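From a predicted model like this one, the values you see are computed outputs, not experimental measurements. Atoms within a ligand are numbered from 1 in the order they appear, just like the ligands themselves.
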Amino acid sequence: MATSTKNARKKEVKKETGLGLTYKKDENFGEWYSEVVVNSEMIEYYDISGCYILRPCTMAIWETLQTFFDAEIKKMNVKNVYFPLFVTENVLQKEKDHIEGFAPEVAWVTKSGQSELEVPIAIRPTSETVMYPYFSKWIRGHRDLPLKQNQWCNVVRWEFSNPTPFIRSREFLWQEGHTAFATQAEADQEVLEILELYRRIYEEFLAIPVVKGRKSELEKFAGGYYTTSVEAFIPNTGRGVQGATSHCLGQNFAKMFEINFENEKGEKSMVWQNSWAYSTRTIGVMVMVHGDDKGLVLPPKVAELQVIVIPVPYKDADTDAIFNACSSTVQKLREAGFRADTDLRENYSPGWKYSNWEMKGVPLRIEIGPKDLANNQVRVVRRDNGSKTDIPMSNLVGQVKEVLTSIQECLFNAAKQKRDACIKVVNTWDEFVAALNEKKMILAPWCDEEEVEKDVKARTKGELGAAKSLCTPFDQPRLPEGTLCFASGKPAKKWTYWGRSY
Ligand code: 87F
């Protein structure tokens with residue numbers, strides 16, 4: 001059979017059985033990603049480009065992150081609110097500078113039924129202009145401050161560059177926090193507190209290393225004063241990805257929306273504002289970083305199902321006894337607080353079930369066969385490294401706990417090792433270009449001039465997209481005196497990360 005026909009057949013068989021992936025992560029990353037998110041049942045494609053159905057195992061992860069973050073911001077006395085989805089053109093255009101570059105991405109409702117609306121109504125791409133007129137109304141005196149509000153919602157940005165599930169979709173879920181303070185010092189402090197929560201989402205929950213830092217003038221939110229972010233990196237594509245952002249807006253919006261208050265001395269002053277957000281993009285980064293050729297790999301802390309128990313009945317074995325052992329194992333695990341289930345379907349073989357649950361990324365598999373039953377033990381198999389161990393039933397809960405903790409740690413360490421291996425420190429333009437071609441995350445001394453970053457973008461323009469600054473890390477290596485900018489040759493002011501990005 002010709003190879004192409006063979007491959008086509010292979011693909012067909014996989015489609016029929018739902019087993020395996022056609023593409024390998026290291027060979028065709030883009031196709032691999034699309035296949036993983038669908039075959040693992042995280043995403044279903046929809047008939048509108050850039051819109052995706054988020055299936056239960058996706059929403060379970062989102063809810064875990066949401067539960068953590070929501071509790072943390074409530075400790076900071078942030079209140080949840082909900083503002084409308086729709087915004088009039090008038091209000092949306094109020095802050096012209098901020099909307100200008102984004103205008104092409106705004107989606108509009110122009111009709112109801114067959115009749116044209118008198119005035120088109122926009123769907124929120126973000127809610128500054130929706131919320132701030134009311135901040136202006138609600139804030140009168142210094143006793144009304146700080147005002148801290150957050151909403152969990154969807155937003156729509158009608159993007160035209162290639163849509164990617166979770167990473168770049170036209171509608172996505174996020175939280176957007178909007179806060180107002182009497183002083184800059186309070187705003188500055190909150191920016192970093194929120195950024196730390198974002199770091200924890202990535203590192204503690206999703207097991208993904210991130211860099212905390214500040215965005216360049218070119219890359220910051222144009223309507224704001226300064227932007228901080230957590231930046232992740234995808235080794236396979238050599239692209240940085242902005243994980244979440246925490247902005248200090250300064251007093252720009254206060255000026256525009258007249259958000260004033262009477263301070264303690266009875267003088268009229270303007271508030272200092274922040275805004276901050278993370279979105280379902282977090283989940284896409286997780287899939288890209290941890291997934292492998294068998295499918296999804298989920299960190300135990302966010303996995304909807306942490307342990308799957310599979311009966312392995314041989315021909316003459318006592319199937320009922322094995323099924324019962326599976327059920328009681330699940331019960332023990334659930335009582336101990338784990339998310340566990342058993343797969344007792346009789347029309348699938350154990351091998352098929354192994355592949356199926358591997359595809360779905362379940363961190364730990366427990367197999368129970370006749371021998372295990374006889375020895376009062378179970379076999380546990382890790383999703384992250386495939387290692388197998390037999391553990392006595394008497395210590396089931398203790399050992400499972402240990403292994404899950406270890407998986408969470410190992411995923412982070414492996415991801416960090418891979419990410420760190422992609423970091424390249426360069427000093428000259430030639431080294432920079434070489435590193436970019438090697439898909440590196442580049443740390444370079446920079447003069448911090450906007451024109452120079454524009455020049456870097458222009459000089460690296462190409463099929464794969466231009467390089468840009470990712471962030472200036474808060475954690476700065478020593479910058480020896482006399483160090484020159486990699487791009488301009490002028491005296492360098494700081495170390496900054498550069499690369500292609502999502
Ligand atoms: C697209 C269309 C219209 C991003 C847009 O980062 C407006 C915008 O303002 C827009 N895309 N932005 C910037 C959003 C800034 C800010 N908003 C609140 C955040 C955090 C949450």
Side-chain angles (χ1 to χ4, degrees), residues 50 66 69 73 78 80-109 120-135 147-161 163 167-180 187 190-195 197-198 201 213-231 241-250 252-254 256-257 259 272-282 471 501-502:
Q66 187 173 24
F69 189 80
I73 60 175
V78 176
N80 278 331
V81 293
Y82 189 79
F83 282 76
L85 172 68
F86 299 115
V87 50
T88 62
E89 173 156 34
N90 223 348
V91 170
L92 188 68
Q93 299 291 346
K94 179 126 186 192
E95 218 288 76
K96 288 221 176 51
D97 300 339
H98 133 249
I99 200 71
E100 202 176 41
F102 298 122
E105 291 179 10
V106 176
W108 295 87
V109 178
I121 292 170
I123 301 173
R124 67 177 162 224
T126 178
S127 303
E128 279 81 357
T129 59
V130 176
M131 296 169 97
Y132 297 168
Y134 300 90
F135 278 32
L147 181 73
K148 305 194 208 184
Q149 304 200 333
N150 176 71
Q151 69 179 359
W152 294 97
C153 64
N154 60 341
V155 287
V156 170
R157 295 178 183 174
W158 213 256
E159 307 250 12
F160 290 92
S161 50
I167 300 291
R168 190 181 297 108
S169 54
R170 286 176 164 176
E171 178 185 2
F172 56 86
L173 304 182
W174 76 352
Q175 58 67 218
E176 51 178 319
H178 294 266
T179 55
E190 189 203 58
V191 165
L192 296 183
E193 275 175 38
I194 294 293
L195 197 67
L197 296 179
Y198 293 153
I201 284 179
R214 183 169 163 151
K215 288 283 189 182
S216 69
E217 282 305 300
L218 203 60
E219 290 300 323
K220 76 170 191 185
F221 172 35
Y225 176 33
Y226 65 85
T227 294
T228 68
S229 69
V230 289
E231 298 286 328
V241 53
Q242 180 174 290
T245 50
S246 180
H247 312 279
C248 178
L249 302 178
N252 299 344
F253 286 91
M256 213 70 59
F257 289 89
I259 313 176
W272 283 81
Q273 286 177 277
N274 292 340
S275 77
W276 26 271
Y278 79 91
S279 72
T280 35
R281 172 179 270 202
T282 45
C471 76
S501 72
Y502 278 95

Side-chain heavy-atom pair T88, Q93 within 4.5 angstrom cut-off:
no

Scan V156, V106, N154 and name whichever one has a side-chain contact (heavy atoms from CB on, under 4.5 Å) with R124.
N154

Below 3.5 Å, N or O to N or O, backbone or side chain included: is there any such pair between E176 and ligand 1?
no

shortest atom 9 (O) of ligand 1-to-protein heavy-atom contact is with H98 NE2, 3.0 Å

Heavy-atom closest contact (R281 atom, Q242 atom, distance):
NH1-O, 3.1 Å

Mind telling me whether F172 and W174 have parallel, tilted or perpendicular rings, with 30° and 60° as the class edges?
perpendicular

For ligand 1, is any non-hydrogen atom under 4.0 Å from F221's backbone (N, CA, C, O), its side chain (CB onward), both, or neither?
side chain

Does any part of the side chain of V155, heavy atoms only, come nearer than 4.5 Å to the side chain of E176, both counted from C-beta?
yes

For T245, the atoms of ligand 1 under 4.0 Å from one of its heavy atoms are 6 (O)

Shortest reach to atom 16 (C) of ligand 1 by a heavy atom, considering only E159, E128, E105:
E128

Would you tell me which option among W174, Y278, F102, W158 has the nearest heavy-atom contact to atom 3 (C) of ligand 1?
F102

Student check: side-chain heavy atoms of V109 and F86 closer than 4.5 Å
yes

In the protein, which heavy atom is nearest to atom 20 (C) of ligand 1, and how far is it?
A277 CB, 3.5 Å

How far is atom 11 (N) of ligand 1 from its nearest protein heavy atom, and which residue and atom is that?
R157 CZ, 3.1 Å

No-hydrogen, no-angle side-chain donor-acceptor test under 3.5 Å, W276 and E190:
yes

Which residue owns the protein heavy atom closest to atom 6 (O) of ligand 1, what's the atom, and how far is it?
H247 NE2, 2.7 Å

